[in-house]
Every structure is written in structure tokens, then in C-alpha cells.
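Below: the structure, in C-alpha cells.
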Amino acid sequence: MRTLLQGGTVVSAKGMTAADVLLEKGLVSAVGEHLPVGDAQVVDCAGKLLFPGFIDGHTHFDLEVGGTITADDFASGSRAALRGGTTMVVDFAAPDKGETLAAGLERWRRKAEGRAACDYGFHMTIDDWNEGISREIGEMLAQGISSFKMYMTYPAMMIPEGDMYHALLRLKEAGGIAGVHCENDGVIRALTAEARAAGRLSPASHPRTRPAPLEAEAVGHLLRLAQLADVPVIIVHLTCREALEEVRAARRRGQTVYAETCPHYLLLEDSVYDRPEYMEAAKFVCAPPIRKKADQDALWEALRKGEIDTVATDHCSFTTAQKRVGQYDFTKIPGGLPGVEHRGVLLYTHGVAAGRITAADMCRVLCENPAKLYGCWPRKGIIAPGSDGDIVVYDPTADSVITAADQLQNVDYTPYEGWKTAGSIARVYLRGRLAVDRGRVLETGGQFIHRGKNHTFSCSSNGGMV
Ligand code: MN
């Protein structure tokens, strides 16, 4: 079946073009003005923006954290993603310490296979380092796992920095790239012990025990290891001005550094932790924590300048009931926020419609850069002949309101309850098939995407990407 998306405006990272888009056999087969209709089914896209399907490079579905499992598994999480225009997620496969990477990968494949509504891939978590794991890195690349994750905090996940250095060298040799969670673990533990000793156990202590300088210190620390190893790295969920300064400094030294941020760091302020009702504040516990207005401004500015490369969600959802485990002690609140469903509409509303970034910028950080960074460009991330028929048809005039009552995310709240949107997603196509129509998910069937090596692009301080 052929589908002709007629009369819309095609968005790329370079700009916007009036063009029709022909979808055929799961792919984009032609893009251009006044394409012949032939036997195609015509969809009127006048007044609509056509984005490539959004890619969310940071989700946690079906993940056990502190004795509980995320509210969203691959079925609900990926349906919510698809409804929000995200046609591909890259989730984090994590072996337990002592396990092989292969065992971790196999477990995550079983979680996703036959359940994922949108396309998916996995980053592989390196939470242990030895000769066996070093040997497995090549096998991961062969299996389409080209990106890896390391932690500088969380005792269950972090590895000693000598191991981290060796892992970076091995990834360089094999052609993989690492994303790293940067926070200074030791001092966070010290500050947490202080808060506990003083009886300060409410969520208000959460941002105070994980302050911005400890994130920036870890970013700088990692970037010096990466400098020594001479490898590109990704700073995941960068939240604050100080951390951004560390990224800028490394880029000035000539290093290749990619930076990701998330909607909640762009849109929320740390006053959420001072809400008088304990659970209302507890809902916002995530790491790194929500920062200040000045940090939001710095992140938007960096997005606009091309210094931040991707916006992902770090979707890691727990219901209010699950978060209640920590109702007398903020350190026991499972950390993470829901968000996979609303990233596109939030970025359009508060970025594009608000005049902070252009639609092309939005395409760059949600589509093109994640596709390049995570080794699936130009199959994903662009509307061009031969690319997958993953299309988001955005209606800039169909304003809406975000509510938990309406969402497919399997949680009883959203951080954006009652927020008005500028426009909304009219339709989503997944590999050429109509998957979402005005908020209704019609067809699903996500596939594992075998990803190649990261397609290096120059980012940053000296004038955006090429
Ligand atoms: Mn995460």
C-alpha cells in the first residue's frame, strides 16, 4: 500500500520545506512538491508539520529499582511513546554484577520482544569490568548494540574509575560509545548521612544532597578520563549551568563530547521539592534532581546554540503508591519520572511555539542527532527516500492539555498535569503504517533495530553540528 502525505511542511535539522511525502513498503519512497498520486491513499497534511519519528535515547522500561519494578513495561511504555510521536526508544539493558553482558542482553530482549509497540534498541550497561566483559564488547557491536552506559554513582551500578578508563579504551578500539551518569557519589553519600543525622528526611533534602557542583565535578572528572583515553563520550541527562561549563571546557580542548538533557530539566524548578504535601514533592525525586530557573535558562540557550545535542526523557516511572515506600525517608523513594509520552509536545510548546528554538532545532535534538549518535542514521532521524516511513504529523493549531487521566503511561500522575500544549500530534506513522490517529493507537509492532557504530558529527561550542 502506498500513502501520500500531501501538502504538509517537512521538517529537517536544516529547516522546513513544503513537500509531499510518499510512503511505500514501510519506507519513504519520495519527497517533493506535487508528487503524482497514482494509486496512493492521499492524506491531506495542509497546515501540518511533518517530523521524522522522534527517537528517545534514554528510557527505562521494566526495570527493577530498589525492590520495585517500574510501572511501565515495554508494552505500556512503548505505546505511550508511540502516541507521543516517538517511533524508536533506546532502553538500557543491565546485567547484574557478576553476569555476562550476553545474559543481560538476553533478559532485555525477552522483556521487549513481541511487546514493544515502537521500534527499539538497547544500550548495554557496563556495571562490572573484567577480561570476559572486555571480550564481549565486540560481540555486543556485532549484535547491534553500539552504545554503552556507565555510572559514577549508585553502588549497585558504578565501577572503579580505573575500570572506567579501561572500558573507555576498549570501546574506542571496538567502535562503541559510552553515555555516563555523572554525579560525585562519595560526597552525595556524605551529604545524605548529614541530612539523616539531622533528621531532615523529607524530599526537600533530595536536591540539597545532590547539588549542581557535584554533577559538574563528575562531568569534569569523566571528561578528563576521556581526554586521556582520547575517546568521545556522551553526558546523559545534563541538568545545570556548571556541568555545561565543563562540557564547553572539554570542547575547547578539542574533545568530542555529546550532551543530552531532558524535558524535566528544561521545564521544572527545584521548588517542586518544597511542596507541603510529602507525596506531591516525592513524585519529583529523580537523579540528578530538578534544578533552578537559571539552569533552565542555560539549558535552553545551549539547545538553541547547538551545544546540547539530544533531548531524551530518562522515562523511569513509578506510581504514587510505589513512591510511598519512601514516605518517611526521601532516600527510599524510587527515583525517576514518567515522560516518554509528552516529550515532543512539550518541546514544541515550550521550545518552538515559545520562540526559544526553531522546528529545525527540535528535529535536530529529537530525530537527527539521536539517529546519528546511536548508529541508525539515515535509516531513522530524517524524512528522505530510503529512510523508514516513521513520520509525526504535527498539527500546530490543535491545542490540548496534558493530564494523567488521558495518558497511556501506566502511572497515576504526570509532572505536567494541566499544562496547555501548543498544537498536538495528529498522526504517527511507524514504518509506513498509520500507528496513531488523533491520540488513538491503532497499530503497533515494534522491531529491534540493529544499530551500527555512532556516526560522528561535530557538535557544539563552535557553531552547531555538520
Ligand atoms: Mn536513566
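Nothing fancy with the numbering, it's 1 onward along the sequence. Not measured: the values here are computed from a predicted model. Just so you know, ligand 1 is whichever comes first in the structure, and atom 1 is the first atom listed for that ligand.
- Under a cut-off of 6.0 angstrom, the local environment of CD in Glu277 is crowded, with over 12 non-hydrogen atoms contributed by other residues, nucleotides or ligands.
- Applying the ring pair (Phe, Tyr, Trp, His ring centres under 6.0 Å) test to Phe318 and every residue at least two apart in sequence or in another chain returns nothing.
- The pair Asp270-Lys292 meets the salt-bridge criterion, with a side-chain N (NZ, NE, NH1 or NH2) lying under 4.0 Å from an Asp/Glu carboxylate O.
- Note on the Mn ion (ligand 1): protein N/O/S atoms under 2.8 Å are His58 NE2, His60 NE2, Asp314 OD1.
- The side chain to side chain donor-acceptor pair (under 3.5 Å) check on Thr261 picks up nothing, with sequence neighbours excluded.
- Under a 4.0 Å N-O distance rule, the pair Asp406/Arg83 qualifies as a salt bridge.
- Every pair passing ring-ring contact (aromatic ring centres under 6.0 Å, His included) that includes a residue from residues 331-354 is listed here, sequence neighbours excluded: Tyr348-Tyr394, His350-Trp419.
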